[in-house]
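Everything below concerns the one structure shown next.
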Amino acid sequence: MPPAAEINPSAADTAFKSMRRTPETADSQLTAEGKSLMASLDDAVKPKELAERYPRIVNRIAHEWRMPAVLDRYFQDLLMDTRGNRQGFPLKIVMELSTLREHYTGMSGSARAATVWDEAQSVYDRRR
C-alpha cells in the first residue's frame, strides 16, 4: 500500500513535485563521462558509494570537471546546506565528496582542464 502522502499529497508536496524536472536515464546510471571520470581516478579518491547511490551527481561532476569555478560551486552546494532543513547525505557519501573535492582543488589549473576529457571528448561530441 502506498504511503498516505502519495494518496493525499499536501499542497506543499504537489508544489514541490511540480518544480522538479522529469528524471532522465543519466539520473539513474553513469554516463560515458561519468564512467571516464571514475576510471581516471585513483582508488583513494574514487567515489564508489556516490556513483552507486547517486550516479546523477557523478555525471554532473564529470560534466563540470573542466570548469573549475562551476565545479567548485557545485561541491560547495553538495557539502553545505544552503536551503535549510535538508536531511543531508550519509556520512560515507560526505566523506567521498570531501575527498574528491580536496583532490580536485589540489590539482593544478592545467591538470583540471586537461585530464581524461581530452581522450573522451570525441565520445561527448558524438552525442551532440
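Both backbone and side-chain heavy atoms feed into the values below; hydrogens, waters and symmetry mates do not.
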Nearest heavy-atom pair of [X] and [Y]: which atoms, and what distance?
{"X": "Ala44", "Y": "Thr99", "value": "O-CG2, 3.7 Å"}
{"X": "Met38", "Y": "Leu30", "value": "CG-CD1, 4.2 Å"}
{"X": "Tyr104", "Y": "Trp65", "value": "OH-O, 2.8 Å"}

Test item: [X] and [Y] side chains (from C-beta on) under 4.5 Å apart, heavy atoms:
{"X": "Pro55", "Y": "Val58", "value": "no"}
{"X": "Leu41", "Y": "His103", "value": "yes"}
{"X": "Val45", "Y": "Glu102", "value": "no"}
{"X": "Leu79", "Y": "Phe89", "value": "no"}
{"X": "Arg53", "Y": "Pro90", "value": "yes"}
{"X": "Ile61", "Y": "Leu97", "value": "yes"}

Looking at residues at least two apart in the chain, or sitting in another chain, which of them share a side chain to side chain donor-acceptor pair (under 3.5 Å) with Arg101?
->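 If we apply the side chain to side chain donor-acceptor pair (under 3.5 Å) test to Arg101, skipping adjacent residues, there are no hits.
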
Could you measure the distance from the [atom1] atom of [X] to the [atom2] atom of [Y]? Nearest 0.5 Å is fine.
{"X": "Met95", "Y": "Leu50", "atom1": "CE", "atom2": "CG", "value": "13.5 Å"}
{"X": "Gln29", "Y": "Asn59", "atom1": "CD", "atom2": "CG", "value": "8.5 Å"}
{"X": "Asp72", "Y": "Asp77", "atom1": "CG", "atom2": "CG", "value": "11.0 Å"}
{"X": "Tyr54", "Y": "Glu96", "atom1": "OH", "atom2": "CD", "value": "11.0 Å"}

Testing Glu64, Met67, His63 for side chain to side chain contact (heavy atoms under 4.5 Å, CB included) with Tyr74, which one passes?
->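 Running side chain to side chain contact (heavy atoms under 4.5 Å, CB included) over Glu64, Met67, His63 with Tyr74 returns exactly one hit, Glu64.
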
